[in-house]
Protein chains: 2
Amino acid sequence: MKSKNITSADVARLAGVSRSTVSRCFKADSRISDETRKRVIEIADQVGYQVNKIARSMITRESDLVGVVSSGLHDPFAVVLIDELITTLQKMGLHPILLDASNEAQLEISIKKLAQYQVKSIIITSGSPSSAIGAQFVSLNIPVVLLNRAGQLDQANLVNCDNKTGSTLAAKIFREAGHTNLAFINSKSSTYSGRKRGEYFEQALSLQIESGDVRLRQIQTDVAGYEGGYEAALKLLKNTDHPTGFYCATDNVAFGFMDAARYEMGKKIPEDFSIIGFDDLPLSARASYNLTTIRQCPKDIARATADCIQSIGILTKPKRTTIPVKLIPRGTVSRVKNS
Amino acid sequence: MKSKNITSADVARLAGVSRSTVSRCFKADSRISDETRKRVIEIADQVGYQVNKIARSMITRESDLVGVVSSGLHDPFAVVLIDELITTLQKMGLHPILLDASNEAQLEISIKKLAQYQVKSIIITSGSPSSAIGAQFVSLNIPVVLLNRAGQLDQANLVNCDNKTGSTLAAKIFREAGHTNLAFINSKSSTYSGRKRGEYFEQALSLQIESGDVRLRQIQTDVAGYEGGYEAALKLLKNTDHPTGFYCATDNVAFGFMDAARYEMGKKIPEDFSIIGFDDLPLSARASYNLTTIRQCPKDIARATADCIQSIGILTKPKRTTIPVKLIPRGTVSRVKNS
DNA sequence: CTGAAAGCGCTAACAC
DNA sequence: GTGTTAGCGCTTTCAG
């Protein structure tokens with residue numbers, strides 16, 4: 001168990017150089033002769049020496065560790081996003097430490113611990129609780145990246161998908177298909193993105209709503225995600241004069257809505273109504289849902305996040321990035337029937 | 001930016017004690033008067049002092065960091081498992097560092113870096129590549145926990161679900177429903193669990209197979225997961241005398257199979273055939289699949305993993321745990337039609 | 001380009 | 001119970 005680690009001193013002795021020289025061999029920019037470096041690295045490899053990052057961190061006061069906080073992996077978009085984040089960070093030589101934020105108290109503790117590890121940065125994904133958390137880090141001088149989250153924090157980097165364009169697109173599709181009775185489905189305890197999508201949807205339709213040509217209901221479900229959509233369908237589809245076009249805050253909400261509609265109320269989609277989601281999850285492309293949706297690309301978000309982290313120390317001002325979205329037409333929107 | 005960190009020395013000075021005393025206040029077991037501890041902690045809180053774990057790690061030679069390697073978050077069971085792992089570890093005061101192992105070269109590098117961070121342990125989930133990885137850690141004296149993976153590593157802790165009981169259960173269900181023409185669907189590049197499930201399924205049916213009462217085909221798909229199931233259905237259901245009972249290595253394979261059957265071949269389930277999965281994913285319970293399956297509970301696996309980690313240093317021998325499974329009867333198995 | 005010396009912030013022996 | 005001393009493994013001035 002105590003198999004004494006090989007240290008830079010060992011390598012130094014073996015190579016007949018000083019510890020400083022060994023140290024310099026393992027950093028990018030150092031005035032050191034190629035020859036020496038080569039020899040030292042070779043010897044290091046032979047004896048299996050690896051720099052002790054812990055010791056290095058202590059003196060450089062920074063690490064390759066990055067905190068990623070999310071409220072679990074329950075939300076399917078969080079899954080694809082975090083997946084992308086992990087691989088992107090890994091490619092940059094950074095290591096993500098995952099924090100679950102579904103339990104706020106637990107999070108508080110973990111966050112403190114993170115700070116103790118001198119994380120290079122902390123990424124907070126949508127859905128995770130109070131931005132007071134972010135503030136804590138800002139005050140600790142740890143750069144914060146907020147993903148699809150409100151921008152109350154002036155000093156945080158912001159990456160947001162283009163909810164406005166997304167919702168405008170959705171509105172356009174519904175109008176072109178002749179839908180005049182619409183609803184936006186979201187949960188009461190919505191994320192920032194969800195709220196914004198609803199607002200922009202309404203905004204895109206404001207003229208038609210004022211003129212009375214379009215009716216828009218903002219539906220707030222008690223629970224979030226799939227179950228929320230399920231609940232909404234059960235309530236909304238009871239009456240015969242229900243909306244014909246449903247715009248859901250997320251694909252996951254749409255799935256719940258569709259499942260309830262099909263399996264509980266015997267509805268057909270898109271014959272009985274049209275529905276549009278947001279995210280474009282892998283599941284949305286499957287035949288079972290085949291959902292028309294607004295795609296926000298996790299890769300783009302991850303890349304933008306990487307950019308934020310890379311510019312740490314270079315840029316003084318935090319970055320704000322808007323990620324483009326794209327309409328993915330599939331099989332859940334049809335022309336409204338003339339009644 | 002350089003806002004000098006508050007160190008134990010600062011707290012010591014303020015409290016009028018030595019640095020050792022401060023240090024002792026932040027560890028569980030230390031002969032120190034309650035009074036002193038209370039005062040020190042109070043002062044520490046006031047000035048916002050937090051132990052620098054990096055420095056502590058350097059001397060104690062261990063950290064709260066745990067490596068979790070998986071091949072991405074593509075496999076849906078990996079998602080629920082890792083989710084559970086994260087919350088469990090977090091409750092133990094440990095911090096999971098996630099490594100993506102889908103790219104083997106990349107992984108190699110990351111693994112080395114992990115070692116440099118003195119991780120307390122490393123958890124390797126099913127699906128991740130070569131167990132040479134595990135061996136590396138064992139040689140570095142870092143305890144390894146293998147989840148649903150082969151047990152080539154003598155010195156690694158093993159947590160496996162009870163594939164034998166699971167497959168025996170599946171065989172029993174099919175036989176009781178009168179199915180005699182069966183198939184097991186798995187991918188060519190199967191995980192350890194997948195292979196085992198196939199073997200035990202065959203074993204459970206061996207008597208009937210020998211006597212000619214039952215026919216069992218072992219199907220190996222080119223691709224894995226959902227797409228593999230899809231591919232298998234397309235091939236297998238073409239002929240009219242196709243098997244009537246399909247046992248899939250995972251729920252995800254079953255989903256692909258069902259989708260292809262329903263949406264490409266117009267089949268009805270369970271009218272046209274019966275199907276059983278393995279895992280019991282959240283999706284399996286939804287009306288859209290309503291899949292009869294063998295449940296392995298991620299919570300149980302996470303708990304067993306936690307036990308392994310907790311016994312590090314106490315137990316000299318690695319642990320081997322088998323996690324019980326349970327049949328979840330839903331709507332995808334029916335009595336075979338008499339023809 | 002390389003080495004010597006000084007310390008990062010902490011804990012672990014060892015005294016008292 | 002508490003303080004003193006030493007040192008974890010590394011990087012970083014500062015000389016040369």
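In what follows, every heavy atom counts, from backbone to side chain, and hydrogens, waters and symmetry copies are set aside. Throughout, a chain's letter reflects where its sequence line sits, starting with A, and its residues are numbered from 1.
Scanning for side chain to side chain donor-acceptor pair (under 3.5 Å) contacts around A/Thr36 gives A/Ser33, with sequence neighbours left out. Applying the salt bridge (charged side-chain N to carboxylate O under 4.0 Å, His left out) rule to A/Lys196 yields the partners A/Glu199; only residues at least two apart in sequence or on another chain are considered. For B/Lys299, the salt bridge (charged side-chain N to carboxylate O under 4.0 Å, His left out) criterion is met by B/Glu84, not counting sequence neighbours. A search for side chain to side chain donor-acceptor pair (under 3.5 Å) contacts involving A/Thr88 returns nothing, not counting sequence neighbours.
Within the 4.5 Å cutoff, the side chain of A/Leu94 has no heavy atoms near those of the A/Gln90 side chain.
In this entry the distance linking CD of B/Glu62 with P of C/dT11 reads 12 Å, nearest Å. Between the C1' atom of D/dC8 and the CG atom of B/Asn52 lies a distance of 13 Å, rounded to the nearest Å. Taking atom CZ on A/Phe26 and atom P on D/dT11, their separation rounds to 9 Å, with Å as the unit. Across the protein-nucleic acid pair, B/Arg61 atom CZ and D/dC8 atom C1' stand 7 Å apart, rounded to whole Å.
Within the 4.0 angstrom heavy-atom criterion, only backbone atoms of the sugar-phosphate kind lie near A/Val51; the bases stay farther away. A/Val17 comes within contact range of the sugar-phosphate backbone alone, with a heavy-atom separation under 4.0 Å but no base atom that close.
A ring-ring contact (aromatic ring centres under 6.0 Å, His included) check over residues 24-66 of chain B, counting only residues at least two apart or in different chains, returns the pairs B/Phe26-B/Tyr49. Each ring-ring contact (aromatic ring centres under 6.0 Å, His included) pair with one or both residues in residues 54-101 of chain A, not counting sequence neighbours, would appear here, but there are none. Applying the salt bridge (Lys or Arg N to Asp or Glu O under 4.0 Å) test to pairs two or more places apart or on separate chains, those with a residue in residues 46-57 of chain A are A/Lys53-A/Asp64.
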Please list, pair by pair, any protein nitrogen or oxygen found under 3.5 Å from a nitrogen or oxygen in nucleotides 12-16 of chain C.
unit_1, atom_1, unit_2, atom_2, d
C/dA12, OP2, B/Lys27, NZ, 2.9
C/dA12, N6, B/Ser20, OG, 3.2

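Along DNA chain D, the nucleotide nearest B/Gly16 and the nucleotide nearest B/Ala55 are compared for position; the residue whose nucleotide lies closer to the 5' end is B/Gly16.
Across residues 33-49 of chain B, B/Ser33, B/Thr36 each have a non-hydrogen atom less than 4.0 Å from an atom of DNA chain D (numbered order).
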